[in-house]
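Before any comments, here is the structure.
So you know, we letter chains A, B, ... as the sequences are listed, proteins then strands, and number each from 1.
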There are 2 protein chains.
Amino acid sequence: MARVGLTTERLVRAGAELADEVGFEQVTVSELARRFDVKVASLYSHVKNSQDLKTRIALFALEELADRAADAIAGRAGKDALVAFADVYRDYGREHPGRAAAARMRLDPETAAASAGVRHSQMTRAILRGYDLTEPDATHAVRLLGSVFHGYSSLETAGGFSHSAPDSEETWTRILDALDALLRNWPT
Amino acid sequence: MARVGLTTERLVRAGAELADEVGFEQVTVSELARRFDVKVASLYSHVKNSQDLKTRIALFALEELADRAADAIAGRAGKDALVAFADVYRDYGREHPGRAAAARMRLDPETAAASAGVRHSQMTRAILRGYDLTEPDATHAVRLLGSVFHGYSSLETAGGFSHSAPDSEETWTRILDALDALLRNWPT
DNA sequence: TGCATTTACCTAAGCCTTTTAGGCAAGCTG
DNA sequence: CAGCTTGCCTAAAAGGCTTAGGTAAATGCA
């Protein structure tokens, strides 16, 4: 009975990697057990159930993404900050499609309120300091940006933009140009 | 052995309703069999497997949504068309969250190419006729609109905007104002 | 109308995932 | 080194997916 050294932390990290390989939907307690060469039941000391595992992966991804975003916007402002921030979301979705899908998972309100999701909206609002928006327009804009980042990443992952001109890269820069212009001239 | 009259069509419709009730992820061949008061194996004459069922629900939803969108934009142009079109997406997501989730499902390329998804992008492009965009900007704009509709609907369903001011209704109209303004002044 | 064909639904069975209950031994704590 | 905690185990139940092969209801054709 060699002990492998399972911890909730290690399971979640491995779950995140598994998600990137096979898709978040396909993350299963059984597969994770297989990867640790351990019996399935053994995971249940570290994780409440399958749902709990997925929620933890989602929280992990939100955290990781928020950290990257924070790094990216440090010392930047205006369009420079907007682009750096937005690129973090898109790059994350392409590097880590499973984690990104996890980050989009529906969380119950209390869990969401305690998650790094809060940091995400705070950072988005911080980006808007480079533009001249007052409430409630700032909130509207935060929601618009969230929708675009979220939506673009998930359409791109679904293959929506592949194999057709213009390439996704170009569309992305043009969308960011457009959003920058929009934020500078937000209609009242 | 009373025959219930199963058909692929009826299964898919029932599956769509089930999705709206319990969530698309929770749609299961077993539950569907239960609803028709039929043994699980019986469904396998009408549907290849669970994946096939879900794909068919997705295609059904895309079709239904495209029909509604087509109705909405008939006889409209400019901002009027944009708003009517966008509202179809948002309303569909709120009335039929399960089907809307299905419509967001990742399809393999050939299936996607044969789906009503094609009509969706054609209609989006048609909306842009009311604005002065030439290629490749029109394509960029189509992708932006797709991202926003997709993203907003999924964030709203996830409860992202609930219980905080301003309400989602107001944000939505302001976002449409903003998109209209943006399309009229697309940066080059 | 009666027979043949098709087919809608069934039973049976195997496999996989999830989850709980209870046991043993590995490794820290003193 | 004795004792406690706990990490991982076996066992088992319950439910979902899927295939193979059968029976009877519906359909079609003479």
Side-chain angles (χ1 to χ4, degrees), chain A residues 1-61 98-99 101-102 105-108 111, chain B residues 1-61 98-99 101-102 105-108 111:
Chain A
M1 276 193 195
R3 297 199 178 189
V4 185
L6 296 185
T7 62
T8 303
E9 177 78 14
R10 287 188 66 199
L11 287 177
V12 171
R13 296 193 106 88
E17 281 160 31
L18 178 57
D20 287 335
E21 289 172 37
V22 303
F24 184 56
E25 315 269 282
Q26 276 66 52
V27 170
T28 184
V29 185
S30 304
E31 178 57 32
L32 212 49
R34 240 171 266 129
R35 301 217 161 185
F36 279 99
D37 198 29
V38 138
K39 297 297 169 182
V40 195
S42 305
L43 302 204
Y44 282 79
S45 329
H46 304 283
V47 143
K48 268 221 305 291
N49 51 39
S50 182
Q51 187 58 30
D52 180 46
L53 171 65
K54 288 194 178 169
T55 301
R56 285 176 190 276
I57 295 172
L59 295 175
F60 171 77
R99 300 179 200 202
M105 175 186 170
R106 178 176 193 155
L107 300 173
D108 58 288
T111 311
Chain B
M1 273 192 193
R3 297 197 176 189
V4 186
L6 297 184
T7 63
T8 304
E9 176 79 15
R10 288 188 65 198
L11 287 177
V12 171
R13 297 193 107 86
E17 281 159 32
L18 178 57
D20 287 335
E21 290 172 37
V22 306
F24 185 55
E25 315 268 283
Q26 276 66 53
V27 170
T28 185
V29 185
S30 305
E31 178 58 30
L32 212 47
R34 240 172 266 129
R35 301 217 161 186
F36 279 99
D37 199 29
V38 137
K39 297 296 170 182
V40 194
S42 305
L43 301 205
Y44 282 79
S45 328
H46 304 283
V47 143
K48 268 221 305 292
N49 51 40
S50 182
Q51 186 60 29
D52 180 45
L53 170 65
K54 288 195 178 169
T55 302
R56 285 176 190 275
I57 295 173
L59 294 175
F60 170 78
R99 300 178 200 203
M105 174 186 171
R106 181 179 190 150
L107 300 174
D108 59 287
T111 310

Fill in: Residues forming a salt bridge (charged side-chain N to carboxylate O under 4.0 Å, His left out) with A:Arg34, sequence neighbours excluded
A:Glu31
Between [N] ([atom2]) and [X] ([atom1]): distance, integer Å:
X	N	atom1	atom2	result
B:Glu25	C:dT17	CD	C1'	16 Å
A:Leu53	C:dT19	CG	C1'	14 Å
B:Asp52	D:dC17	CG	P	13 Å
A:Arg3	D:dG7	CZ	C1'	4 Å

Worksheet, complete the sentence: Under a 4.0 Å heavy-atom cutoff, the residues of residues 39-51 of chain B touching DNA chain D are B:Val40, B:Ala41, B:Tyr44, B:Asn49, B:Ser50
Fill in: Within residues 4-19 of chain A: residues closer than 4.0 Å to DNA chain D (heavy atoms)
A:Val4, A:Gly5, A:Leu6
Counterpart residues, side-chain hydrogen bond (donor to acceptor under 3.5 Å, both in side chains), relative to [X] (two or more places apart):
X	value
B:Ser30	none
B:Glu25	none
A:Ser45	none
B:Arg56	B:Asp52

Residues in side-chain contact (heavy atoms from CB on, under 4.5 Å) contact with [X], at least two apart in sequence or another chain:
X	value
B:Ala14	B:Leu32, B:Phe36
B:Tyr44	B:Val29, B:Val40, B:Asn49
A:Ala41	none

Worksheet item: Can you list every salt bridge (Lys or Arg N to Asp or Glu O under 4.0 Å) pair that touches residues 37-50 of chain A, not counting sequence neighbours?
Response: none
Fill in: Side-chain N or O of A:Thr28 closer than 4.0 Å to phosphate OP1/OP2 of C:dC16
no
I'd like a list of close polar pairs between nucleotides 12-15 of chain D and the protein, N/O only, cut-off under 3.5 Å.
none

Fill in: Cationic N near anionic O, under 4.0 Å, A:Glu17 to A:Arg13
no
Practice prompt. Could you go through the side chain to side chain contact (heavy atoms under 4.5 Å, CB included) check for A:Arg99 and A:Ile57 one step at a time?
Written response: CA-CA 7 Å; A:Arg99 300 179 200 202; A:Ile57 295 172; 5.6 Å; no
